[in-house]
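Presented below is the structure to which this report refers.
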There are 2 protein chains.
Amino acid sequence: MGIKQIAKLANVSIGTVDRVIHKRPGVSKETEKKILKIIEETGYTKNTTASRLKLASIKKIKFAVLLPETKKEWNYWKLPIQGINNAVSELKEMGVAVDFLHFKDSKTYSKEIDAIFLKEYNAIITVPFFKTESNILLQKAAKKQTSVVFLDTEIDLENNAHFIRQNSRQAGKVAGRLLYGLVGTDGEYLIINKQNDKGTLVNNTQREEGFKEFLKTVHYKKEILSKSYYLKNDFKLSSELITWLKTKTPKGIFVTNSKSHILVKALKKEGITNIQIIGFDLNEDNISCLKNEEINFLINQQPILQGYMAIKNLFNHIAKQETLKTNYNIPIDIILKENLLTS
Amino acid sequence: MGIKQIAKLANVSIGTVDRVIHKRPGVSKETEKKILKIIEETGYTKNTTASRLKLASIKKIKFAVLLPETKKEWNYWKLPIQGINNAVSELKEMGVAVDFLHFKDSKTYSKEIDAIFLKEYNAIITVPFFKTESNILLQKAAKKQTSVVFLDTEIDLENNAHFIRQNSRQAGKVAGRLLYGLVGTDGEYLIINKQNDKGTLVNNTQREEGFKEFLKTVHYKKEILSKSYYLKNDFKLSSELITWLKTKTPKGIFVTNSKSHILVKALKKEGITNIQIIGFDLNEDNISCLKNEEINFLINQQPILQGYMAIKNLFNHIAKQETLKTNYNIPIDIILKENLLTS
DNA sequence: CTGAAAGCGCTTACAG
DNA sequence: CTGAAAGCGCTTACAG
């Protein structure tokens, strides 16, 4: 059932059917109505593959990807890029193309956004690390009919936006149950946060809230020490914290970010042992701690999947008129030593 | 860079290039060599989308899917079917079609295999529940150049085969770490197996082995009681087991199959509490136990993903000449109450 | 052994 | 407002 049969049934040419399907002007009300009725009755749907075959050479679907720089400690951001490249190579025959851009602060972010709008892109994939700038981006995008998908983090914005990310509050609850299972009500818990010079702390805060909320549901009464800690590579525990660790002997630590491996090293140096640790992200250092049983669990945000789904969802939106969900949930993937390699 | 440019560079027609690309006969050694060289130099790759556009209407890729019946307690098998349907609807414009067939024992399995080989299929997706019959299937398939992918379970077979499944031994280890984290060295462990009138117990056995192996690595000394239990819907614990449960008060039970919810009900009836339980599969009953905190963890075999990947991998093999991996690992997905809904 | 033509389902100028 | 024709990259009869 193709455009040709529809045309025959309606006694028109395929050009006219095409105009109706794409809501292009230049068709009489009457003809349009007739064609729409036949499309309805026959259940015709456009063959996107055939459509893209033609368009691939004359009208590419263009994505702008604006992510943090991927140098050194920020090489986490290579992962969504990897997922994006996977999706693009699957869809390259359909005529999709990507430009990668990077920022290092709100200023360069704004600059790159401006640059993006000087060219013609069908969609933009980025992160909502700067609230004001994200709102501006959405405003501009709305005017130009450009779709925007935010990865990694969900924040409140003025315009309706699309997020592909893990529910961080929920991930915090998962961490809560996992750590509580190991520690129970006997020991104290410590939450370690990180302050980030690059952008938002939203995910970290949401994880902390979820963690605390879980402990509430199991009626954990003791106070949870929650430290907001700025972790650099030359990380040192404050003397206050060391004292607390040595006197209170906490049994479980929840690191709300990707730096749990640094904590492991610091604890080792201080000779503090017998602590259960849960962190985030499968970076090399964390993985090695997991293998050495210095970290119990890692929660994987699946950044590769986030990037992959961004392209797939946007392509389906643009080429197949599928609706973009406001929130696309990335599963909360729990990793321990034994399911690391097969994942 | 298409077939047209290659043809021009080689001073031949596109028909001849096509013959070389598909290794069809009727091209002189010389011309073939010339064309292959140009393909090599230009890095040309076939546009599968365009290729399938034409072939979709004249030469469909046909899959035969032979799975257990999906009635009542076997409705687990609706899930791979769901995944298969997802993949097929993604690829329908590429001209793929599926026939679903079902078996209830080795006899009907053989019968359906015979029926499959009376028609022309490009590939067969099934489960390796009967060793002899699986070997026969592989032999027949090899003769007819038909690809075979086995889901769910991995077994040793005479011919080279392809499996899309979770590594069950590894999944047992994961279960070991999770349960050990909750129970430690204090209590006894119980492993509950199931005997299945429908087919193999291979997955269950492998999970049990992995579980025991994990406990060995943490130097768990006590003997693990391993019961092979045939669970029907009117499940009753044997008096021997009840006595053991009441005297030894085990702290952790590993159910190597999908029926942990039945155990939960039985324990409730006997008034036995305070036991940590880990099982497999997200069936409705198990999910409800997870929500009520009567089961601690479930390991998800991701049957929908298994079915989806079977079609995708086979399509890529047939349409894009990608190699089929011997073992495609489905991640060992750990589910607890808090990551149930967002998964 | 090789080429020219028709066609897969859709899109786009162009002509009227 | 509408249609006929050319073309996206590839495949397949058919002709020679």
Side-chain angles (χ1 to χ4, degrees), chain A residues 1-36 38-39 42-61 91-97 122 318-321, chain B residues 1-36 38-39 42-61 91-97 122 318-321:
Chain A
M1 182 51 59
I3 207 177
K4 214 152 67 177
Q5 286 91 315
I6 302 292
K8 191 183 281 176
L9 290 171
N11 266 314
V12 294
S13 72
I14 56 168
T16 303
V17 175
D18 189 75
R19 282 179 195 102
V20 171
I21 288 167
H22 296 90
K23 291 167 188 150
R24 276 193 278 270
V27 183
S28 75
K29 274 282 163 223
E30 212 177 346
T31 330
E32 187 186 8
K33 219 174 120 187
K34 183 170 60 175
I35 292 173
L36 283 175
I38 291 169
I39 286 176
T42 56
Y44 166 84
T45 52
K46 181 175 71 170
N47 184 324
T48 307
T49 301
S51 158
R52 292 306 310 167
L53 172 62
K54 173 71 180 172
L55 295 177
S57 52
I58 53 171
K59 200 198 268 180
K60 290 226 189 306
I61 295 179
L91 295 172
K92 64 174 186 295
E93 295 175 347
M94 304 289 202
V96 321
N122 297 81
I318 295 165
K320 307 187 186 180
Q321 290 75 249
Chain B
M1 181 51 59
I3 207 177
K4 216 152 70 176
Q5 286 91 314
I6 303 291
K8 191 183 280 176
L9 289 170
N11 265 313
V12 294
S13 73
I14 58 168
T16 303
V17 176
D18 189 75
R19 282 180 195 103
V20 171
I21 289 168
H22 295 91
K23 292 168 187 149
R24 275 192 279 271
V27 183
S28 74
K29 274 281 164 223
E30 212 177 346
T31 332
E32 187 186 6
K33 220 174 119 187
K34 183 171 60 176
I35 292 173
L36 283 175
I38 291 168
I39 286 176
T42 56
Y44 166 83
T45 52
K46 182 174 71 169
N47 184 323
T48 307
T49 301
S51 158
R52 293 305 312 166
L53 172 61
K54 172 71 179 170
L55 294 177
S57 52
I58 54 171
K59 201 199 267 180
K60 288 224 190 309
I61 295 179
L91 295 172
K92 65 173 186 297
E93 294 174 348
M94 303 289 201
V96 321
N122 297 80
I318 295 165
K320 306 187 189 180
Q321 290 76 249

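Chain letters run A, B, ... following the sequence lines, proteins first and then strands; every chain starts at 1.
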Self-check item: Partner set under side-chain hydrogen bond (donor to acceptor under 3.5 Å, both in side chains) for A/Ser28, not counting sequence neighbours
Solution: A/Thr31
Distance check, rounded to the nearest 0.5 Å: [X] atom [atom1] versus [Y] atom [atom2]?
X       : Y       : atom1 : atom2 : answer
B/Asn47 : A/Glu93 : CG    : CD    : 4.0 Å
A/Lys34 : A/Asn11 : NZ    : CG    : 6.0 Å
A/Ile3  : A/Ile21 : CD1   : CD1   : 4.5 Å
A/Thr48 : A/Lys46 : OG1   : NZ    : 5.5 Å

Atom [atom1] of [X] to atom [atom2] of [N]: distance rounded to whole Å?
X       : N      : atom1 : atom2 : value
B/Lys46 : D/dC8  : NZ    : C1'   : 17 Å
B/Asn47 : D/dC10 : CG    : P     : 5 Å
B/Ile21 : D/dC10 : CD1   : C1'   : 9 Å
A/Ile35 : D/dC1  : CD1   : P     : 13 Å
A/Glu93 : D/dC10 : CD    : C1'   : 11 Å
A/Lys92 : D/dG9  : NZ    : C1'   : 14 Å
B/Lys29 : C/dC1  : NZ    : C1'   : 13 Å
B/His22 : D/dT11 : NE2   : P     : 4 Å

Does [N] have its OP1 or OP2 closer than 4.0 Å to a side-chain nitrogen or oxygen of [X]?
X       : N     : answer
A/Lys4  : C/dC8 : yes
A/Ser51 : C/dG9 : no
B/Thr31 : C/dT2 : yes
B/Ser13 : C/dG3 : yes
B/Ser28 : C/dT2 : yes
A/Thr16 : D/dT2 : no

Quiz prompt | Structure string for DNA chain D in dot-bracket form, Watson-Crick and G-U at under 3.5 Å, | interchain | solution = |||.||||||||.|||
Which protein N or O atoms sit under 3.5 Å from an N or O of nucleotides 12-16 of chain D?
unit_1	atom_1	unit_2	atom_2	d
D/dT12	OP1	B/Lys59	NZ	3.1
D/dT12	OP2	B/Arg24	NH1	3.2

Quiz prompt | Selected nucleotide, minimal atom distance to A/Ile3 side chain, candidates C/dC1, C/dT11, D/dC10 | solution =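 Of the options given, the side chain of A/Ile3 lies nearest C/dT11.
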Quiz item: B/Gly2 near the nucleic acid: base, sugar-phosphate alone, or nothing, with a heavy-atom cut-off under 4.0 Å?
Solution: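 Here B/Gly2 touches the backbone only, sparing every base.
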Quiz prompt | Closest-nucleotide 5' rank along DNA chain C - winner of B/Asn11 and B/Leu53 | solution = B/Asn11
Quiz item: Quick one: on DNA chain C, does B/Glu32 or A/Tyr44 contact a more 5' nucleotide (nearest heavy atom)?
Solution: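 Here B/Glu32 is the residue nearer the 5' end.
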Flag the pair [X] / [Y] as yes when at least one side-chain heavy-atom distance between them is below 4.5 Å, and no otherwise.
X       : Y       : answer
A/Ile38 : A/Tyr44 : no
B/Arg52 : B/Ile61 : yes
A/Met94 : B/Thr49 : yes

Quiz item: With a cut-off of 6.0 Å (strictly less than), are more than 12 heavy atoms of other residues, nucleotides or ligands near CD of A/Glu30?
Solution: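 Atom CD in A/Glu30 is not packed in, count stays at 12 or less.
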Exercise. I would like to know whether A/Asp18 and A/His22 meet side chain to side chain contact (heavy atoms under 4.5 Å, CB included); could you show each step before the answer?
Key: CA-CA 6 Å; A/Asp18 189 75; A/His22 296 90; 3.3 Å; yes
Exercise. Determine the Euclidean distance between corresponding P atoms of D/dG9 and C/dT2; express it in Å to zero decimal places.
Key: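 My reading of the P atoms in C/dT2 and D/dG9 gives 25 Å.
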